[in-house]
Amino acid sequence: GKQDIADALRRLVDDGFVVETDDLTPPQVKPQRVRVVRLNLDKLPTEDDIIRLEKKSPKQAAALRTLLRAAGDQPPASASGLPAAQVGDAATLRSLERKGWVNVSEVETARVPEPGLVFPQDPVALTPEQEEALNLIIRSLESPEPATILIHGVTASGKTEVYLRAIEKTLSLGRQAIMLVPEIALTAQTVGVFRGRFGGRVAVLHSALGRGERFDEWRRAQAGEADIVVGPRSAVFAPLRNVGLIIVDEEHDGSYKQEHLPHYHARDVARRRAEIEKATLVLGSATPSLESYYKAQSGGYRLAVLSSRVGERPLPKVEIVDMTQEAVIGQLPILSDRLRQALWECVDNGEQAMLFLNRRGFAPYVQCLSCGFVERCPNCDVSLTYHLTGRVLRCHHCDHAAPAPTVCAACQGSMVGFSGIGTEKVEAEVTQFLPASVKVLRMDRDTTMHKGAHGRILREFREGKASVLIGTQMIAKGLDFPDVTLVGVILADTALNLPDFRAAERTFQLLAQVSGRAGRGDKPGTVIIQTLSPTHYAIRAAQAQDFRAFYQEEIEYRREFPYPPLSYLVNIVVSDPAMPEAHQKIQRIHLLIESAIHQLGGGTTVLGPVACPLSRLKGDYRFHLLVRDTNRPRLHRVLQRSIDALPSQDRQGVVVDVDPVSVL
């Protein structure tokens with residue numbers, strides 16, 4: 001039967017009757033080739049030749065003059081040639097080739113992603129703290145036993161310059177470097193900075209590239225034509241042959257974890273690859289993950305601290321606005337009076353502002369004001385989000401879409417309300433509030449779906465063509481705009497009350513990171529955080545920009561249960577289109593795990609099983625349980641005796657997520 005085929009094949013392989021091999025399918029993309037025209041250096045046309053040709057064949061004469069102009073005063077320099085399309089049509093070039101004046105051939109040419117994105121920057125003098133961090137990396141690069149180094153640097157403390165100098169040293173030692181960034185939005189800026197320093201030695205790898213671009217960049221890295229690779233999590237697998245340095249910038253970011261199969265965390269893969277290649281691993285962040293900072297505190301990692309901004313620039317002033325005091329008749333305004341005033345003053349002074357809300361769309365839910373009915377996704381246990389562009393309701397989990405209703409589907413009433421706040425609604429509010437001459441940009445998943453959109457939006461904002469940038473977490477970290485003097489956080493509580501033990505950590509990190517976008521130039525910055533929880537310790541620590549204060553409070557909370565980094569965690573999720581099937585399967589797995597724990601003598605605990613917080617997703621009902629232990633090898637033995645022993649048919653719909661970044 002089909003259900004047993006995998007187990008049967010495995011037994012045949014084990015018994016030696018069947019041989020299993022891997023075979024790489026050929027790439028569907030081929031190298032790009034272009035027709036190139038070169039002057040024949042053995043038979044260069046004279047001016048008299050061209051004058052005579054102009055009377056009979058003006059196109060041929062024009063083509064020759066184009067090639068000669070490109071060659072300049074030194075004709076041999078034209079040996080590199082010009083693309084045929086720039087010289088003349090096919091008939092013209094054939095005629096010139098027959099006369100012996102030109103050679104036409106096809107050459108391979110690389111497709112370069114964002115070719116114009118270059119930010120030239122000369123090396124700047126390092127601060128004493130930067131020097132200390134760089135020397136720590138250099139000692140590791142020169143050591144036969146390289147280390148893992150955590151750079152804990154406040155925003156605008158010059159971590160990027162330390163990375164650039166460390167890569168320069170790596171290249172001087174004849175080795176190569178990988179630079180990981182958490183978001184594709186950051187890739188464009190980072191590539192521009194790195195190209196400004198290293199030119200064509202930089203390759204970029206990420207999923208938003210065209211297939212041809214990704215194919216060419218991968219081959220450049222494999223062939224050694226590029227010895228620096230920049231990209232998000234998948235760039236950790238770049239085909240460099242002599243890696244000496246791997247940098248994971250914003251190492252705390254959850255996007256480094258791949259949530260679909262195969263599950264992996266790029267930070268952990270980077271650490272393992274560094275071990276294999278005897279390379280130095282550098283983790284950098286203004287708000288390190290609790291796991292990394294705990295390892296640094298306990299001696300597992302070396303720690304370098306950059307406690308002040310470059311140029312002695314002050315950290316921005318952070319103000320908290322208690323939105324419970326701003327509510328009017330049960331309604332929360334999008335912009336508080338304080339943020340409105342600050343935004344107007346910022347724009348009036350010719351400065352730039354960034355507004356952050358980690359929720360896209362116009363309204364997070366659509367509700368009938370007569371009967372209370374809420375439009376929900378038919379596939380997922382969530383409400384549908386209203387998008388003003390296209391006037392459509394959309395599920396942000398399965399991408400189900402439906403036209404926005406004009407009447408209630410339950411009571412046929414016409415009082416349909418669009419409730420809550422999304423980035424589209426913020427954009428509409430700001431555009432209406434500010435003068436029409438003020439340009440406002442929005443950066444979220446909806447506005448960056450097309451190729452090159454990230455780079456275009458950021459370039460437009462960097463060049464000062466817009467005064468306000470509104471966005472989700474894409475704008476929260478790593479971006480460096482010296483004219484931004486105001487950052488507004490529309491609602492700081494969107495992640496704070498999620499049923500996830502990392503909710504406070506994620507909130508603090510986002511607020512601290514987005515606050516760091518203000519005041520990076522010569523003018524001081526102001527940050528205004530609107531919140532319904534002004535006394536929460538994550539909000540207070542973000543206002544004080546005090547990571548250590550947050551760490552001390554959060555680590556005590558984690559120690560009490562215990563949660564990572566004081567333990568190791570595995571989230572086992574079961575999904576099935578039928579609720580009874582999903583529930584029965586998670587119960588069977590629970591019994592297997594409890595049996596394995598008993599056989600191994602205890603020490604491992606199980607939380608659950610219960611329905612997932614997002615109990616239905618893409619048509620499947622979901623249940624999960626958490627397996628926790630302070631001893632990782634023992635935890636893995638429990639999994640081997642339970643999950644690994646499941647027949648293949650019972651593994652359908654079972655996801656085992658080791659070290660989850662979210663338990664939703």
Side-chain angles (χ1 to χ4, degrees), residues 182-186 208 253-255 321 323 331-336 339-340 342-343 346-347 352-366 382-397 399 401 404 417-434 438-450 453-458 460-461 465-479 481 484 486-496 498 506-507 510-511 513-515 517-518 527-532:
E183 297 269 3
I184 292 175
L186 287 180
D253 199 278
S255 62
V321 175
M323 293 301 284
Q331 292 284 325
L332 276 180
I334 295 175
L335 304 177
S336 63
L339 184 52
R340 280 175 173 266
L343 187 57
C346 173
V347 171
Q352 290 181 303
M354 296 172 71
L355 300 179
F356 168 75
L357 175 64
N358 205 23
R359 183 185 288 156
R360 62 191 174 100
F362 187 85
Y365 63 99
V366 178
V382 293
S383 58
L384 292 171
T385 299
Y386 173 59
H387 289 253
L388 188 62
T389 304
R391 299 189 178 277
V392 66
L393 300 182
R394 191 173 297 281
C395 175
H396 290 172
H397 295 280
D399 213 31
F418 301 92
S419 304
I421 306 171
T423 48
E424 267 190 306
K425 185 178 281 190
V426 176
E427 180 185 26
E429 176 87 1
V430 171
T431 303
Q432 185 178 18
F433 163 63
L434 293 176
V438 175
K439 185 167 184 178
V440 178
L441 294 173
R442 176 165 56 91
M443 189 169 184
D444 54 28
R445 186 180 169 192
D446 298 324
T447 62
T448 57
M449 293 176 66
H450 299 296
H454 296 89
R456 178 185 55 77
I457 294 171
L458 295 178
E460 197 170 346
F461 192 63
K465 295 177 181 176
S467 298
V468 182
L469 176 62
I470 299 166
T472 56
Q473 65 178 8
M474 289 181 179
I475 70 168
K477 56 228 170 202
L479 299 177
F481 300 112
V484 171
L486 174 67
V487 166
V489 179
I490 302 301
L491 190 59
D493 313 274
T494 52
L496 192 57
L498 293 175
R506 205 166 283 128
T507 297
L510 270 174
L511 294 180
Q513 290 285 338
V514 77
S515 297
R517 301 315 106 207
V527 180
I528 297 174
I529 298 176
Q530 300 181 165
T531 178
L532 296 167

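Heads up: numbering here begins at 1 and tracks the sequence.
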task: Show the numbers, then the answer: is there a side-chain contact (heavy atoms from CB on, under 4.5 Å) between Leu479 and Phe461?
output: CA-CA 11 Å; Leu479 299 177; Phe461 192 63; over 6 Å; no
Atom [atom1] in [X], atom [atom2] in [Y]: separation rounded to 0.5 Å?
| X | Y | atom1 | atom2 | value |
| --- | --- | --- | --- | --- |
| Lys439 | Glu460 | NZ | CD | 3.5 Å |
| Ser467 | Leu486 | OG | CG | 12.0 Å |
| Leu532 | Leu491 | CG | CG | 5.5 Å |
| Arg506 | Leu498 | CZ | CG | 7.5 Å |

- prompt: Of Leu332, Ile334, Val489, Ile490, which is the lone residue that meets side-chain contact (heavy atoms from CB on, under 4.5 Å) with Gln530?
  reply: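 Exactly one pass, corresponding to Ile490.
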query: With Arg360, which of Asp444, Thr423, Thr472, Asp446 fulfils side-chain hydrogen bond (donor to acceptor under 3.5 Å, both in side chains)?
result: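 When side-chain hydrogen bond (donor to acceptor under 3.5 Å, both in side chains) is applied between Arg360 and each of Asp444, Thr423, Thr472, Asp446, only Asp446 qualifies.
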Smallest separation among heavy atoms of [X] and [Y], with atom names:
| X | Y | answer |
| --- | --- | --- |
| Thr448 | Ala453 | CA-CB, 3.6 Å |
| Leu339 | Gly488 | CD1-CA, 4.0 Å |
| Gly361 | Thr385 | CA-CG2, 4.0 Å |
| Pro364 | Gly422 | CD-N, 4.4 Å |
| Ser515 | Ile529 | OG-CD1, 4.4 Å |

I'd like to check [X] versus [Y] (side-chain heavy atoms, cut-off strictly below 4.5 Å). Are they in contact?
| X | Y | answer |
| --- | --- | --- |
| Thr447 | Leu441 | no |
| Phe481 | Met354 | yes |
| Val366 | Leu384 | no |
| Leu469 | Met443 | yes |

- prompt: Looking only at side chains, do Glu424 and Thr389 share a donor and an acceptor under 3.5 Å apart?
  reply: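 Yes, because at least one side-chain N or O of Glu424 sits under 3.5 Å from a partner of the opposite role on Thr389.
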- prompt: Does any donor atom in the side chain of Tyr386 or Arg394 lie under 3.5 Å from an acceptor atom in the other side chain?
  reply: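 No, no side-chain donor-acceptor contact under 3.5 Å.
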message: Main chain of Ala492, side chain of Thr507: is a donor-acceptor contact present, judged purely on distance under 3.5 Å?
response: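 Checked: no pair found.
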field: Check: Asp253 side chain, Pro182 main-chain N or O, donor-acceptor pair, under 3.5 Å
entry: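 The answer is no, because no donor-acceptor pair under 3.5 Å joins these two groups.
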message: Pair Leu355, Leu343 - check side-chain contact (heavy atoms from CB on, under 4.5 Å), show working.
response: CA-CA 10 Å; Leu355 300 179; Leu343 187 57; 4.3 Å; yes
query: Should Glu429 and Arg340 be marked as a side-chain contact (heavy atoms from CB on, under 4.5 Å) after you check the CA-CA gap, both sets of side-chain angles, and the distance that decides it?
result: CA-CA 11 Å; Glu429 176 87 1; Arg340 280 175 173 266; 2.5 Å; yes
field: Residues Gln513, Gln473; criterion side-chain contact (heavy atoms from CB on, under 4.5 Å); working and verdict
entry: CA-CA 9 Å; Gln513 290 285 338; Gln473 65 178 8; over 6 Å; no
